[in-house]
There are 2 protein chains.
Amino acid sequence: MPSRRDAIADDLRDRIATGRLKPGERLPSESHLAAQYRVSTPTLRSSLAVLQVEGLVEKAHGKGNFVRRPLRRITYVGGGRTLDGQTAADTALSVTVHTTRIRAGGHLAALLKVSASSPLTEFLCLSHEGERPHSLARIYVPCDLAPATALREPLPYGGMTTQLTQLHPPLAEVRERVSVRPPTPEEASTLRISSALAVLAITRQTADTAGRVVEAALLVLPGDRADAVFTTHYVIDEKGTER
Amino acid sequence: MPSRRDAIADDLRDRIATGRLKPGERLPSESHLAAQYRVSTPTLRSSLAVLQVEGLVEKAHGKGNFVRRPLRRITYVGGGRTLDGQTAADTALSVTVHTTRIRAGGHLAALLKVSASSPLTEFLCLSHEGERPHSLARIYVPCDLAPATALREPLPYGGMTTQLTQLHPPLAEVRERVSVRPPTPEEASTLRISSALAVLAITRQTADTAGRVVEAALLVLPGDRADAVFTTHYVIDEKGTER
DNA sequence: GAGTGGTCTAGACCACGAG
DNA sequence: TCGTGGTCTAGACCACTCA
């Protein structure tokens with residue numbers, strides 16, 4: 001037997017799917033809905049929570065619950081085609097970059113395969129699509145690979161990309177690990193997502209032909225809007241099929 | 001100011017991290033904990049819900065709340081190295097496969113780039129690691145590529161892999177789309193995960209050199225245990241850097 | 001100030017698991 | 001049967017938004 005919560009969530013989901021509740025529209029207040037469905041407000045709120053993690057409803061404290069506008073999906077393209085990973089070209093993204101010099105701690109040292117406390121340049125990137133926060137990226141590069149001017153005049157977004165593709169030795173391999181987890185409180189607030197919504201977390205390592213890790217990135221994308229796409233081509237040589 | 005819920009969740013998380021609550025151990029009952037923390041049971045339950053989506057606590061109706069044993073991570077390796085995508089070799093996975101003949105609906109037809117209602121063979125794979133459900137895979141192959149015996153004697157897991165790598169024309173490209181979403185009720189129950197825990201959903205298309213999609217797969221992995229790893233190599237030719 | 005959602009309470013009743 | 005978690009109630013009080 002379906003619970004009241006799920007039954008109400010199903011009904012509201014249907015009202016959204018069939019357009020009886022339109023994108024951007026405000027739902028009746030929680031107390032009104034609770035009265036309509038003849039349940040208590042906590043029960044009704046748990047129904048809304050279901051729709052919230054599905055990305056169908058957006059809550060705004062003091063204003064109401066709103067049907068989410070059909071969300072433009074974010075597509076992360078893997079494989080190092082764009083080093084920053086964002087399809088920054090087609091969507092008008094505004095990006096703020098903070099550049100800092102830090103020292104590798106335990107986690108970062110392992111990621112970049114450098115000794116602990118070796119100097120790194122951190123690019124902290126927050127991209128917006130209009131008013132809406134879009135994604136969060138922390139990119140780490142060994143200091144000798146980052147332009148010395150980066151601290152004073154931050155690179156434009158993607159500037160590090162062209163910088164790296166001209167390296168010697170050249171780039172050889174991109175390794176990306178995708179996982180899903182709840183956002184940290186900071187991530188939830190900067191991305192303006194509910195802490196109940198999972199994020200897509202991508203850890204990227206880029207290495208050159210000498211095996212040196214020239215870049216590592218920690219990317220965080222809101223789980224309800226983000227996809228990551230990876231394309232791998234098989235290469236045929238004389239001996240058989242390889243990768 | 002942190003809410004009571006978060007404060008209690010933080011405290012319990014700390015008790016788990018420092019080993020004062022050990023893996024597999026049963027927590028005090030919810031009413032006991034509520035009394036200890038001097039909150040009502042709904043408040044305490046919401047704290048446990050936080051730890052639950054973080055994968056630290058497991059609830060068992062009628063038995064209690066348990067600290068999760070450190071979970072062996074599932075790593076999906078992308079790029080078609082193993083067509084089934086599971087690292088079946090090193091972990092003792094038992095897999096049940098159900099083979100069915102179906103007709104492509106709208107979604108599947110688009111995925112396989114075939115006309116609607118063209119015949120497909122579906123491999124419904126549920127893998128277990130010991131007692132614990134591990135992952136769910138629905139693999140679709142055009143009927144003429146699936147061995148005719150598949151319906152009577154289901155292929156061993158991975159059998160379709162070797163079948164496909166020997167194709168003519170040979171395989172050319174694997175395209176994988178990773179996204180995160182809440183599980184469907186069926187997925188939640190077959191994978192034995194809470195419906196509040198997001199899953200990693202991977203849609204895979206494998207094409208041959210003629211551009212024909214020879215396989216499509218819908219993979220579902222529990223979000224608290226799963227990673228997906230993609231490795232891309234750059235190929236250098238005389239003209240410059242390519243992929 | 002009026003209305004909204006956010007948090008929390010102190011219970012009630014039901015469903016499940018184990019002895 | 002007993003203790004457990006699962007669901008739900010009918011409120012209270014606070015914080016936020018907007019007129």
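Every chain is numbered from 1, with letters handed out A, B, ... down the list of sequences. As the structure is a prediction and not an experimental result, all values here were calculated from the model. What's counted below: heavy atoms across the whole structure, side chains too, no hydrogens, waters or symmetry copies.
S40(A) and T43(A) share a side-chain donor-acceptor pair at under 3.5 Å.
In this structure, R45(B) reaches the dG6(D) phosphate: one of its side-chain N or O atoms is under 4.0 Å from OP1 or OP2. When the side-chain nitrogen and oxygen atoms of N65(A) are compared with OP1 and OP2 of dG5(C), one or more of them lie within a distance under 4.0 Å.
Taking atom CD of residue E58(B) and atom P of nucleotide dC16(C), one finds them 19 Å apart after rounding to whole Å. We find that CG of L48(B) is positioned 13 Å from C1' of dT4(D), with the value rounded to whole Å. Atom-to-atom, CG of L27(A) to P of dG3(C) comes out at 19 Å; the value is rounded to the nearest Å. Between K59(B) atom NZ and dG17(C) atom C1' the separation is 16 Å, expressed in whole Å. For the pair L33(B) CG and dG3(D) C1', the computed distance is 15 Å after rounding to whole Å. Per the geometry, CD belonging to E30(B) stands 11 Å off P belonging to dT7(D), to the nearest Å. In this structure, R26(B) atom CZ and dG5(D) atom C1' are separated by 10 Å, rounded to whole Å.
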Could you list the donor-acceptor pairs under 3.5 angstrom formed by side chains in residues 31-39 of chain B, with sequence neighbours left out?
| unit_1 | atom_1 | unit_2 | atom_2 | d |
| --- | --- | --- | --- | --- |
| S31(B) | OG | S29(B) | OG | 3.2 |
| Y37(B) | OH | D11(B) | OD2 | 2.5 |
| Y37(B) | OH | R15(B) | NH1 | 3.1 |

Quiz prompt | Nucleotide-resolved protein contact map, nucleotides 8-16 of chain D, B/S/- at heavy-atom distance under 4.0 Å | solution = BBBB---BB

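Residues S31(A) and A60(B) both approach DNA chain C. Their nearest nucleotides, taken by heavy-atom distance, put S31(A) toward the 5′ side.
In terms of heavy-atom proximity, A226(A) sits nearest to R73(A) at O-NH2, 3.3 Å.
For the side-chain contact (heavy atoms from CB on, under 4.5 Å) test with L51(B), the passing option among D10(B), V67(B), L12(B), I8(B) is L12(B); the others fail. With N65(B) as reference, E30(B) is the one residue of E25(B), E30(B), R45(B) to meet the side-chain contact (heavy atoms from CB on, under 4.5 Å) rule.
T100(A) places no side-chain N or O within donor-acceptor distance of the main-chain N or O of I102(A), the cut-off being under 3.5 Å.
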